[in-house]
2 protein chains.
Amino acid sequence: MRNIRNSNIELKGHPVTAQRRLLLKLIRDTRGHIDAKELYRRASSMDESISLATVYRSLRLFKELDLVDERRLGQVRCYYEVKQLGEHQHLVCKGCGAVIEFKSSLIHKLVDKVQSEHGFNVTKAELYLEGYCKECREEAKGSS
Amino acid sequence: MRNIRNSNIELKGHPVTAQRRLLLKLIRDTRGHIDAKELYRRASSMDESISLATVYRSLRLFKELDLVDERRLGQVRCYYEVKQLGEHQHLVCKGCGAVIEFKSSLIHKLVDKVQSEHGFNVTKAELYLEGYCKECREEAKGSS
DNA sequence: GTTGGAGTTGCGAATGTTTCTCATTCTCAT
DNA sequence: ATGAGAATGAGAAACATTCGCAACTCCAAC
Ligand SMILES: [Mn+2]
Ligand SMILES: [Mn+2]
Ligand SMILES: [Zn+2]
Ligand SMILES: [Zn+2]
């Protein structure tokens, strides 16, 4: 694979490789959340020689450069998404696996309070809610 | 190992084995959070034939019976703690690894809101805050 | 355009956590 | 005491992620 152009701004001096460009594009083309394995699958279909290790290394770099966010959504593995402007949180249905995003200003209040009460400098606030969506609840009612 | 007595209430009908009794006691004797490996280490020193698989199987059972809570504290592995009466959340220092527990009533408000706005039945609410404690911040200041 | 050295990659092996399989053993209602 | 069902130990397997290293690529300086 060959380099087309060098918009070296985003990667802050880190070499722009074809792999990094591809992976970043694939993440950005994803609506929602993607895990390393699925990103690797999609990348492989464009560049069959790409390595899973490169996917992980690139994800780590993108994270460090604040290009993507890493999320724990109830499972062992991590999911990734492009860095959004405002923070948002996640709601996961244990029934169907649906992931709903939502914003809440209460989080900021809470973080402020914790920072002043504990002298802590909070750099990451992640709220994870789990439960059952309306559909899954009604389904469960029907079968019981 | 042999059974001494059968206080079969907690385990809700599941057989009371020496391993389960030992593991539950070790968790309860722990102040704070313990992971499977450390629990296995401690259990091994009491019963050298206990298996790591049994540790994991027991933790899953205890979780199902609401005897312990499973927590993700920034790392890959899970930590366990005895089920508390009121919910509480965690604040983890990336510098020294300190884990601070705190309560916040704002979480309930937030959960209520999400439940009504999204028709969701929330069964688990976990807020994870990460950052640097006062000590670690001052240390960083000193060395920069 | 060439060069060179730092940084990146692919590959496979290694790590770390958690789950599975299955033969053996234990628990507890009867 | 008995037996059906459940739990256990041991090791293999599954799964996500990281590491080590030789080969390759990027790109600033010429
Ligand atoms: Mn999201
Ligand atoms: Mn806790
Ligand atoms: Zn659902
Ligand atoms: Zn600290």
Side-chain angles (χ1 to χ4, degrees), chain A residues 1-24 26 33-41 43-65 67-68 70-80, chain B residues 1-24 26 33-41 43-65 67-68 70-80:
Chain A
M1 285 185 103
R2 257 276 232 46
N3 225 338
I4 318 282
R5 194 188 326 213
N6 249 339
S7 53
N8 202 351
I9 324 114
E10 294 186 313
L11 297 186
K12 306 231 177 72
H14 295 267
V16 176
T17 66
Q19 292 89 335
R20 285 173 178 171
R21 203 183 358 257
L22 171 61
L23 291 169
L24 198 50
L26 287 173
H33 312 86
I34 188 168
D35 65 15
K37 205 172 177 185
E38 174 61 20
L39 182 57
Y40 172 62
R41 246 180 253 124
S44 294
S45 80
M46 307 296 296
D47 166 10
E48 63 182 23
S49 83
I50 200 170
S51 156
L52 182 56
T54 294
V55 171
Y56 277 104
R57 284 186 288 233
S58 301
L59 284 171
R60 192 198 311 177
L61 178 68
F62 299 161
K63 234 192 310 177
E64 280 167 16
L65 299 179
L67 296 173
V68 308
E70 183 184 70
R71 300 290 199 162
R72 294 273 161 87
L73 298 176
Q75 306 207 279
V76 196
R77 77 195 134 189
C78 291
Y79 288 86
Y80 300 85
Chain B
M1 287 186 100
R2 257 276 234 42
N3 224 339
I4 317 285
R5 193 188 331 211
N6 250 338
S7 54
N8 202 350
I9 323 115
E10 292 186 313
L11 297 186
K12 305 227 177 74
H14 295 267
V16 175
T17 66
Q19 291 89 337
R20 285 174 177 171
R21 200 179 5 249
L22 171 61
L23 291 169
L24 198 49
L26 287 174
H33 310 88
I34 189 168
D35 65 16
K37 205 172 175 183
E38 174 60 22
L39 181 56
Y40 172 62
R41 248 181 251 122
S44 294
S45 79
M46 306 297 296
D47 165 11
E48 61 183 23
S49 83
I50 200 169
S51 157
L52 182 56
T54 295
V55 171
Y56 277 103
R57 285 186 286 233
S58 301
L59 284 172
R60 192 197 310 176
L61 178 67
F62 299 161
K63 232 191 314 176
E64 281 166 13
L65 298 179
L67 297 173
V68 308
E70 183 184 68
R71 301 291 199 161
R72 295 273 160 87
L73 298 176
Q75 306 209 277
V76 195
R77 75 196 137 191
C78 292
Y79 288 86
Y80 299 86

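Order of the sequence lines fixes the chain letters, A, B, ..., with proteins taken first and strands second; residue numbering starts at 1 for each chain. When reading the values below, keep in mind they use all heavy atoms of this one structure, side chains included, and skip hydrogens, waters and symmetry mates.
Going from atom CZ of B:Arg71 over to atom SG of B:Cys78 covers 11.5 Å, rounded to the nearest 0.5 Å. A:Ser58 contributes atom OG, which lies 10.0 Å from atom CZ of A:Arg60 (distance to the nearest 0.5 angstrom). Distance check, rounded to the nearest 0.5 Å: CZ of A:Phe62 to CZ of A:Arg57 gives 12.5 Å. Atom-to-atom distance recorded for B:Glu10:CD and B:Leu65:CG is 9.5 Å, nearest 0.5 angstrom. Put simply, CG on A:Leu26 and CE on A:Met46 are 7.0 Å apart, with the number rounded to the nearest 0.5 Å. The OG1 atom of A:Thr17 sits 8.0 Å away from atom CD1 of A:Ile50, with the distance rounded to the nearest 0.5 Å.
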Worksheet entry | Per-nucleotide protein contact string for nucleotides 11-18 of chain D (B base, S sugar-phosphate only, - none; heavy atom under 4.0 Å) | B----SBB
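When every heavy atom of B:Ala43 is checked against every heavy atom of B:Leu23, the shortest pair comes out as CB-CD2, 3.7 Å. Nearest approach of B:Leu59 to B:Tyr80, heavy atoms of both residues: CD1-CE1, 3.5 Å. Closest heavy-atom contact between B:His14 and B:Arg20: CB-NH1, 3.7 Å.
In this structure, the CG atom of A:Asp47 is 14 Å from the C1' atom of D:dC24, given to the nearest Å. Taking atom CZ on B:Phe62 and atom C1' on C:dT18, their separation rounds to 17 Å, with Å as the unit. Here the P atom of nucleotide C:dT19 and the CZ atom of B:Arg57 are 11 Å apart, to the nearest Å. Atom NZ in B:Lys12 sits about 18 Å away from atom C1' in D:dA6, given to the nearest Å. Protein atom CG of B:Leu65 is 10 Å distant from nucleotide atom P of D:dA7, rounded to whole Å. Atom pair A:Leu61:CG and C:dG7:P shows a separation of 13 Å (rounding to whole Å applied). Regarding A:Ile50, its CD1 atom lies at a distance of 16 Å from the P atom of C:dG12, rounded to whole Å. Here D:dA10 presents its P atom at 11 Å from CD of B:Gln19, a figure rounded to the nearest Å.
Listed candidates were D:dA7, C:dT8, C:dG10. Nearest to the side chain of A:His14 is C:dT8.
The residue among B:Gly13 and A:Glu48 whose nearest nucleotide of DNA chain C lies closer to the 5′ end is A:Glu48. Nucleotides of DNA chain D nearest to B:Val55 and A:Pro15 differ in position, and the one nearer the 5' end is that of B:Val55.
In the helix from C:dG1-D:dC30 to C:dT30-D:dA1, the end axes, each obtained as the rotation axis mapping the C1' atoms of four pairs onto the next four within a five-pair block, lie 30° apart to the nearest 10 degrees.
Nucleic acid contact class of A:Arg20 (heavy atoms, under 4.0 Å, all strands): sugar-phosphate only.
Remark: A:Thr17 is in phosphate contact with C:dT9, judged by side-chain N or O atoms under 4.0 Å from OP1 or OP2. Phosphate contact (OP1/OP2 of C:dT8, side-chain N/O of A:Thr54, threshold under 4.0 Å): absent.
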